[in-house]
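Side chains included, hydrogens not; waters and symmetry mates left out as well; all remaining heavy atoms used.
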There are 2 protein chains.
Amino acid sequence: MAVTLAPMHSRDRRYHHGDLRAALLSRAEQTLREKGPAALSLRELARDLGVSHAAPSRHFKDKQALLDALALTGFERMADVLEASQESVEETFAARIDAVVRAYVGFAQENAVLLDLMYSVKHDPTASEDLVVAVGRWSEIVELLVEEGQRSGEVREGPMERVGLTVFAVLHGYADLAAAGMLPPEVTEHGLDEVIAFILRGSAPDRPS
Amino acid sequence: MAVTLAPMHSRDRRYHHGDLRAALLSRAEQTLREKGPAALSLRELARDLGVSHAAPSRHFKDKQALLDALALTGFERMADVLEASQESVEETFAARIDAVVRAYVGFAQENAVLLDLMYSVKHDPTASEDLVVAVGRWSEIVELLVEEGQRSGEVREGPMERVGLTVFAVLHGYADLAAAGMLPPEVTEHGLDEVIAFILRGSAPDRPS
DNA sequence: ACCTGAACACCGTTCAAGT
DNA sequence: ACCTGAACACCGTTCAAGT
């Protein structure tokens, strides 16, 4: 019966969608969130949006291209969240780490499936240039933070690949466990304090003995 | 458990495979490793093994059941590797952590895609009971290790959900980054020393000041 | 430029039937 | 018990054609 176009909603655009690309991304994320990555189908997406099954190919070369684009928006939003966490925060390493850990873990919990997608896409060798840029943006945040801590004497000396990377590993590991639902419920926010304290102890300078 | 049976076709296998279940799992892992999870198809698996496309359904209810079973073997092998890492190792917290970190990261690097599968399956609410058991086996290893360290005074006091979980988060985060190929190449093994030192500092008791 | 509709090859799942 | 072969509904991708 669906031969007539866009009949249901009076305020619908012309026979082509208007901003199909954005609509596809948004709807895809919703499906991902609600039914998981295995349930994501281009044809169903098109059906939901009231366009033909071939329409998405005008905006995304193939399914993987849509997933890549979705992951990219995830990285960008993540970077935004991390950068925002550093605004109007006391300029000590402890305060900054506290803010960034809470922001990262919060994002991970609210966007667990998207985070999975982000990391699996990044794993892919054919990753786009934009994506590399977006990843760089938020690994830089941790780097800057650590370097600042080193200058102020709050963080032990050493190259970024050692100190910064390890701090990031803690951050990422805890967020990943939280997103995967592996943390006992009462630990989820309580545990954050311990993680932050752990990072501070682990990255503190040696005390003269 | 008869292994040899009457042959059927000219030179190939018998008409039923013999141990199709194990063959499916093994071949699925190989495909996963070589071509990634998106390229895994039950029909292709069956083709590769010379059985009809409907044969796998005798052993796995559906595709997800096969993936679950594959993830389970991953968890079991992981537990084996971790347990093996604790044999004939000096009985100090430092030595034990060193061994377990290297084992975990090593496994993660050699089985990156499988690890992804393991965590995505564990994320699934319909996870089997066997799987929960297998996960428990290796989170216990870290717990025992931390408790032992606490008794010997090498590790600060505190409940397992605080100290043990955080140690595990570092371990997991670094392994995940390594598996995802996010570590600069020269860091991969060099960085392990820093991670281990970080864990030791982070979990050490407070020094009287 | 943007989308449709038909076509193609492939997929997961089910099921009666064979051995 | 274990597997086959056909059938069904669905999928991703491509492409000539419409507007």
Min side-chain heavy-atom separation A:V133-A:F75 under 4.5 Å: no

Integer-rounded Å distance: C:dC11 P and B:L66 CG: 15 Å

Shortest side-chain distance from A:H53, nucleotide among C:dC3, C:dA7, D:dT4: C:dA7

Between C1' of D:dC10 and CG of A:L45, the distance in whole Å: 15 Å

Salt-bridge contact B:E194-B:R201 (side-chain N to carboxylate O under 4.0 Å): yes

Presence of B:S52 side-chain N/O under 4.0 Å of D:dC3 phosphate oxygens OP1/OP2: no

Nearest-angstrom distance from the residue atom CG of B:D19 to C1' of D:dC2: 13 Å

Runs of at least three consecutive pairs that involve DNA chain D, where pairs are Watson-Crick or G-U with distances under 3.5 Å: C:4-8 with D:12-16, C:12-16 with D:4-8

Electrostatic pair A:R96:A:E154 at N-O distance under 4.0 angstrom: no

Partner of A:N111 under side chain to side chain contact (heavy atoms under 4.5 Å, CB included), chosen from A:M118, A:E29, A:M78: A:E29

Atom-to-atom span, CZ of A:R58 to P of C:dC3 - whole angstrom: 9 Å

Under-4.0 Å salt bridge between B:K35 and B:E44: yes

Candidates B:L145, B:T92, B:V142 - the one meeting side chain to side chain contact (heavy atoms under 4.5 Å, CB included) with B:I97: B:L145

N/O (side chain, B:S41) to phosphate O (OP1/OP2, C:dG12) under 4.0 Å: yes

A:A54 side-chain proximity, nearest of C:dC3, C:dG5, D:dT13: C:dG5

Whether over 12 other heavy atoms sit under 6.0 Å from B:E91 CD: no

Euclidean distance, atom CG of residue B:L49 to atom C1' of D:dC3 [Å, nearest integer]: 14 Å

Interatomic distance, B:K63 NZ vs C:dT14 C1' [rounded to whole Å]: 17 Å

Nearest-neighbour nucleotide for the A:A55 side chain, D:dC11, D:dC15, C:dC3 considered: C:dC3

Proximity to the side chain of B:R47 - top-ranked nucleotide from D:dG12, C:dC10, D:dG5: C:dC10

Rounded distance in Å - CG (A:L40) to C1' (D:dG12): 12 Å

Polar pair under 3.5 Å, donor/acceptor by atom type, side chain A:R43, base D:dT13: yes

Under 4.0 angstrom between B:S57 side-chain N/O and C:dG12 OP1 or OP2: no

Between P of D:dT4 and CG of B:L42, the distance in whole Å: 14 Å

